[in-house]
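See structure below.
Starting from 1, each residue takes its place in the sequence as its number. Note that the structure is a prediction, hence the values are computed from the model and not measured.
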Amino acid sequence: MTSWVQAALLLLLLCLSAAGGQLQKEALLDFSSITPINNVVQDPRSGRVYLGAVNTIYQLDEALREEARTVTGPKEDARTCTPPVSTPYCQDTKPSPNVNKLLLVHPSNGSLIVCGSRYRGICSLLNLSNVEQQLYYSDSKGERTYVASIEDGVAVVAVMSTYVNKDGNTFNVFLVGKGYGSLDSSKLISTRILQDYRDWVVFESIIEASTVQATPFVPKYLHDFRHAFKEEGFVYFLFSRTMGSTDNKNFTFVSRLCEDDPHYYSYTELQLNCGPGNKYNKVQAAYVASPGKELARGMTESGQHGKVLAWHKVLFMVASPDEDGADSALCMYPLNTINERLVDIISACYSDSGKIAGIPAVDIPYSYKTDEFCTSHIDVSSLCGADFLPSPLASKPEFALQAKAVIIRRGLLTAVAIAVENDHTIAFLGNSLGEVYKVRRGWNGTCGRGWFSEVCKVMSSGSITKVPVQTCHLKTDCQSCVSPWDPYCGWCVLEGRCTRRSDCRRAEEKNGWLWSPKQQCVKIVSFNPPNLSCKKTQHKCKCSKCSIFICVQGARCPQFENPDPVLIPVGFKTTIGFEGINLDVYQASLLSSFTVTLYSCSLGREDCSLCKNADPKYRCVWCVKRRSCVYEKLCTNDQGTECPDPHITDIIPRYGPVRGGISVTIKGSNLGIHKEDIKAISVVGVPCIHQENKYAVSTRNMMSVFYYLILQDPIARSVYPANGSKAGGTVITISGFNLDTATREDIAVTVGGVVCFEKAMTAKEAQAFVGDVPCYVNALQDDKLFLDPPSSQPQARSKRHRRRRDTSSDPLDLLIKFGNGEWVVGSVHYESNNEVPLFIIIPAVIIPMLLIILVSVYCYRRKSQQAEREYEKVKHQLENLEESVRDRCKKEFTDLMIEMEDHTNELSEGRIPFLDYKTYTDRVFFLPSKDGANDVMITGKLDIPEARKAIVGQALNQFSNLLNSKTFLINFIKTLEGRPDFNARAKVYFASLLTVALHGKLEYYTDIMRTLLLELMGNYVDSKNPKLMLRRSETVVERMLCNWMSICLYQFLKDSAGEPLYKLFRAIKHQTEKGPVDARVKKAKYTLNDTGLLGDDVEYCVLTLQVLVHGEGPDVTPVKVLNCDTVSQVKEKIIEAVYRNLPYSQRPKVDSVSLEWRPGSTGQILSDLDLTSQKEGRWRRINTLAHYNVRDNATLVLSMVLHTQQNYDQNQDNQEERNALLEDDKVFHLVRPDELDEMKSKRGMKDKSMTKAITEIYLTRLLSVKGTLQQFVDDFFRSVLCSGSVVPPAIKYFFDFLDEQALKHDNVDEETVHIWKTNSLPLRFWVNILKNPHFTFDVHVTEVVDASLSVIAQTFMDACTKTEHKLSRDSPSNKLLYAKEISTYKKMVDDYYKGIRQMVSVSDQDMNTHLAEVSRTHTDKLNTQVALHQLYQYASKYYDGIIQSLDEDPAAQSKQLTLRLQRIAAALENKVTDL
């Protein structure tokens, strides 16, 4: 972490170098590296930024766009190899990553100094203009050119300087401070030359000063350098080191040497103490800056630093405690005070035998002989050039320079930068979590995505981002502008906006720019008189703006008119002339009014083109220095004759067809004054046609483009439906890719050459005729026309031929007319009874039969038509539903992203409620146990008599030592696994106990796990079923592996995967609670799980409640709820909103609060069930807000339930009432179970079909929710399955172990290894974490949220398997839901496994070092003694079997393990033994 922390510090140094300037509303700029970034520097002349990353050097412009890069690794190297590696002496080389150790700009010759961890820390010179060009590199000059360190934990700092030799020649050099590495150069401080000169070569250490380069002392003190700088002829190094004794506690020192000291004789160290008792003893970062007037005054008044002036230099340092990084502090040391104390130390040694006021003050850290020092009295007129002493001096702890901790922050501060704005000092403090705090005396804030103008560059391990540091433009009124006390922001009175002082044109005028710690704004107090009569002789006005006073008497009032000039520019003092009339009437002072026009050239003319396009009467010019449009006399010597280059801000559309032919709009500034100014427009070299009629000054250009930057053609894959009416009107859905190409106006859709439009005809436009008589058109559907025929028979046969029919039996034409088209679609017959011949008499028996047949046919046809209409209606519903699902996905996703912004802000402020390590392991290891949260390992409570605690404690320590015997532990585990009553649950619990008991020696735990895994692997391979290994936790070692992964990936969860997992959880929770959730059956309208889907349409509306918390002041919290929510659900949402900044465990629980609704003067306590609860037969509905008729914006009061006796009795009564209501358990919320619903059977099928759609329609909600949550699911999968980012060493180590073992067995193929890796990591760890967010975060997971998480977890498992899933219409909905994405996820898994295989191996030594650090950091927090006690219960239960196993093992006999166990048993439970 050291290197990137230093880089973060350098970035903070850069954040204050940019000048202010006009606020730009632009997106944040960032750049991501494929490898971790170690160092960052900026060229002050060009503004370019250079990143030193692992294996790569990047060159970026000021906007963080990549200009060039050069690859520095991996390189063939070996730790013990002396370069060049091509020599036969270099053995066992392998590709090794090159970690950047030092990045330094050498501006005088345009080069960049780059030093890495390969080849013993050799450096190179790159071209500042193009880092791809290497100016110098040599690996054959020997040890004298080794600059940096090959050790990851050794920091390197440097500062540019000059060196003058004896001949008076001046050379560019850089001074380097470097800690101790076992295979590094032993030079603590060195001066490196940057050119060849005589015997010197580039990068050679040209000063040999044994005083600070002696090998024995470098490893003794363990220097950790943090900063290097030079000031007024001195070079300073800031570092921490030990005192050289057995105690490894660090202390902070600043060392100083004269820049022109050729032998380091002047090198002296001064101890710096920070905080009370030097609590913050280890420096993390520092910054040197002038303090500003206000801070300088405060430091002077404190009396601790002497007189400090605004232009003096101050060392600002952040430090932390050596042992505990729980908090950090900022301390300040004026350089004058540091130099005075250093002179005191030097003078004491040279003149006063090393004493100050009779007390020894001088230490000699780099010499074994200290008695001979400081015994002479030497003149100290020069402290830089003479060989006074053979070893450097340092202050004793009693004479350390003390400073108060002026700012204290939780967590580890790793970077600091200082800025002065309007005489006020602002500190920017960066911590190890990537947060940057913006702090001023008496005021602080957090640097986030809303700060602008001056910008910080903030870096994580793999990316760098430009982040603004002030948000003045977001404050819309004076009060909000000045209330934060931000020195960057003040109220520009005449411009009416919140700005930096430098952006307010008349800030220097009195009260022109307001910034006040008292938060005062200008307001009108009074004006007098409100009007003025003709006879009034004088008036008084006390206001901030001029008012118009009116002459209220009409007779010959004196007045002024014809002002000259009429146009008055703002900001320029102008004399106005005018004429007066009726002045003889009023001889004394008088007041009249006239109208002039005040104008501002800058208003609406933000760029040069708009300025030059202004009406000449305003005399506006573009002022280059101000970068604004002003009145010509306000910019006398700096008027721009030419406008700046055009600046393009947007191009619409962003996508165009390959063949071109569309219109493109270019938006931006300085795009010309007249349309003729646009001479040519081209895209990728192809000229475009300028559409001059659509040109707007400086903001828009229209052109026709034939080739486009992003070229793509729309691809249509399917059209639905395939058939349609010739008359048109059919809605056609086209599906495909790149359908967002061009704009809507550029797209035309034709069918058979006919342009499509929305509807062919409406019912009102259709006409129908029977014969020559029009019919009434009832309805028009896609393929049906419903008509009412004429009541009487028409005379003419057709509208076209109005001749009478020959006979009444001739058919009549049925003619349909749409627009100008006419179609005869059939004929109509009118039957007449009187035309039946009398001689034809139907027998009486036939007539009833015919009637029956006709009625039957009529009923059948009517029923068929009705069924067909119902089918068409449902079909139409499904078509509309398909379209609505897409629209709903977009809308729901947009709404969710808006709602999630608050949660994202919480994340940026570090509010992810991660569990601490102990709680995390407790929940992962023991929460699934049968006792759950009451498990003794979680509570930590053992029932041991006080008299036996000492004996038991001693015996448990002995038992711990026994477990650290590999022979005993292997026998112990095998004995237990051989017992039939040692079931799977017991194995899991035993393995978790063993993990806690051995947590102090995780290296040993890993060794035991490897041994057992090798045996397990052999068993599965020998049984010809290797793919089944690690599938379930059927053995102790499988659970040990799961726990091992949980331990090793905890930090990765916090640093990388935790944030997307938390966002996914919050998104699911938010989306679920957005719709109705049945509190009884645990089903929701919005879910991913079909079994948890609420199958009925529930009417509801969203309410916003105004919630007061009793006893916490008058502030109300708006809370969104549903009117169908139960009272308990409302309480949960209120608690979530009110206590959102608290983790779940610290929030009040639903049962501990009461909710009171105050619709008027009286209040009503709301509860889920009471005597007013609605009854439906034997069922009782749980009360909702709708039941109580609570309206939108209602006020509710949340109160804590006090457990007094009276309240207890009242609660008892309420509980008895509630129990009485629940006695038959016939309670429901939204939906009653079908089999118990007596009312549902009485409903007719018609009513049911009209009020409820087909059940399967509700499954489309799954698609809607899935589409809404897709981004969050993808983000989590990427965070877990991305080998390009930081991969925990445990994963690489274990996967390599599986690969190595697979090569030793013939019947283990690549698919089997894939399954092993899947079973060991995704299935054994990630699925568990994904399904149980409360294992990682302090949150509550409801059943409906858990149901959706289970679907995503199943998808994750499917993605990790090699088996191809055959899907059919009978497949579960959960499988079908993510069927499209599974192939993408499978490829991610494959690439992840391949990427890990290609990574640099993690050695056993490196893994053990990592495990030892985890043990050291966390073991003391765990209930180790409780785990040992519980483990012994297993030893006691299977005591005889364990004894027998030990007796049969020769190795156990030689170590007397049986005897040791017997002694432990005797002590713990008074077992009678043979001892």
Going by side chain to side chain contact (heavy atoms under 4.5 Å, CB included), name the residues that satisfy it together with [X], two or more places apart in sequence or in a different chain.
| X | result |
| --- | --- |
| C331 | C274, Y333, A403, A405 |
| A63 | L29, D61, R65 |
| A394 | R241, E269, D363, P365 |
| S328 | S320, L412, L413 |

Regarding [X] and [Y], do their side chains bring together a donor and an acceptor under 3.5 Å, going by distance alone?
| X | Y | value |
| --- | --- | --- |
| T145 | E204 | no |
| N250 | N281 | no |
| S149 | K178 | no |
| N278 | N273 | yes |
| D43 | S46 | yes |
| D224 | Y180 | no |
| T252 | Y280 | no |

What heavy-atom pair brings [X] and [Y] nearest, and what distance separates the two atoms?
| X | Y | result |
| --- | --- | --- |
| V439 | I407 | CG1-CD1, 3.3 Å |
| I207 | T191 | CD1-OG1, 3.7 Å |
| A348 | K355 | CB-O, 3.5 Å |
| A158 | F174 | CB-CD1, 4.0 Å |
| F399 | P360 | CE1-O, 3.5 Å |
| H106 | S108 | CE1-OG, 2.7 Å |

Ring center gap for [X] and [Y] short of 6.0 angstrom:
| X | Y | value |
| --- | --- | --- |
| Y58 | Y50 | no |
| H424 | W515 | yes |
| F229 | Y236 | yes |

Inset, instruction - Please check if atom NZ in K293 has more than 12 non-hydrogen atoms from other residues, nucleotides or ligands closer than 6.0 Å. - result: no
Inset, instruction - Please step through side-chain contact (heavy atoms from CB on, under 4.5 Å) for the pair F251 and F239, ending with a clear verdict. - result: CA-CA 8 Å; F251 295 87; F239 55 88; over 6 Å; no
Do [X] and [Y] make a side-chain contact, defined as non-hydrogen atoms from C-beta onward lying under 4.5 Å apart?
| X | Y | value |
| --- | --- | --- |
| V254 | Q271 | no |
| I189 | V176 | no |
| I206 | R192 | no |
| I57 | L112 | yes |
| V173 | L194 | no |

Mind checking the [atom1]-[atom2] spacing from [X] to [Y]? Nearest 0.5 Å is all I need.
| X | Y | atom1 | atom2 | answer |
| --- | --- | --- | --- | --- |
| R501 | D423 | CZ | CG | 8.5 Å |
| L335 | L315 | CG | CG | 6.5 Å |
| L104 | L125 | CG | CG | 10.5 Å |
| F203 | C123 | CZ | SG | 5.0 Å |
| L393 | L342 | CG | CG | 10.0 Å |
| L429 | T414 | CG | OG1 | 9.5 Å |

Sidechain-backbone polar pair: [X] side chain, [Y] backbone, donor-acceptor under 3.5 Å:
| X | Y | value |
| --- | --- | --- |
| R297 | L309 | no |
| S117 | V99 | yes |
| T300 | V308 | yes |
| S302 | M299 | yes |
| E259 | F234 | no |
| N39 | N100 | yes |
| N422 | P487 | yes |
| Q402 | G275 | yes |
| K438 | V469 | yes |
| N172 | T162 | no |

Legend entry - Passing option when S266 is tested against D260, V235, D261, I346 for side chain to side chain contact (heavy atoms under 4.5 Å, CB included):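 It is D261, the one option of D260, V235, D261, I346 that forms the side chain to side chain contact (heavy atoms under 4.5 Å, CB included) with S266.
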Inset, instruction - Give the C-alpha distance, both sets of side-chain angles, the deciding distance and a yes or no for side chain to side chain donor-acceptor pair (under 3.5 Å) between Y136 and S111. - result: CA-CA 10 Å; Y136 176 84; S111 63; over 6 Å; no
Inset, instruction - Quick one: sort the H223 and F225 rings into parallel, tilted or perpendicular, breaks at 30° and 60°. - result: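 If you compare the ring of H223 with that of F225, the planes turn out parallel.
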Inset, instruction - Hey, can you tell me if Y488 and F428 have their rings parallel, tilted or perpendicular (30° and 60° cut-offs)? - result: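 Judged by the thresholds at 30° and 60°, the geometry between Y488 and F428 is tilted.
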Inset, instruction - Determine, for E62 against R48, whether the closest basic-nitrogen to carboxylate-oxygen distance falls under 4.0 angstrom. - result: no
Legend entry - Salt-bridge present (D152, K101; N to O < 4.0 Å): no
Inset, instruction - Dump the intermediate steps for side-chain contact (heavy atoms from CB on, under 4.5 Å) on L330 and V416, then the final yes or no. - result: CA-CA 9 Å; L330 172 70; V416 58; 4.1 Å; yes
Legend entry - Six-ring centre of Y267, R256 cation under 6.0 angstrom, axis tolerance 45°: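 Judged by the rule, R256 and Y267 form no cation-pi pair.
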Legend entry - Contacts of type side chain to side chain donor-acceptor pair (under 3.5 Å), residue T170, not counting sequence neighbours: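 Once residues adjacent in sequence are excluded, T170 has no partner under the side chain to side chain donor-acceptor pair (under 3.5 Å) criterion.
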Inset, instruction - Show your working on salt bridge (charged side-chain N to carboxylate O under 4.0 Å, His left out) between E421 and R500 and close with a plain yes or no. - result: CA-CA 9 Å; E421 182 81 2; R500 293 183 63 183; 2.9 Å; yes
Legend entry - Within residues 105-117 or reaching into it, pairs that qualify as salt bridge (charged side-chain N to carboxylate O under 4.0 Å, His left out) - sequence neighbours excluded: none
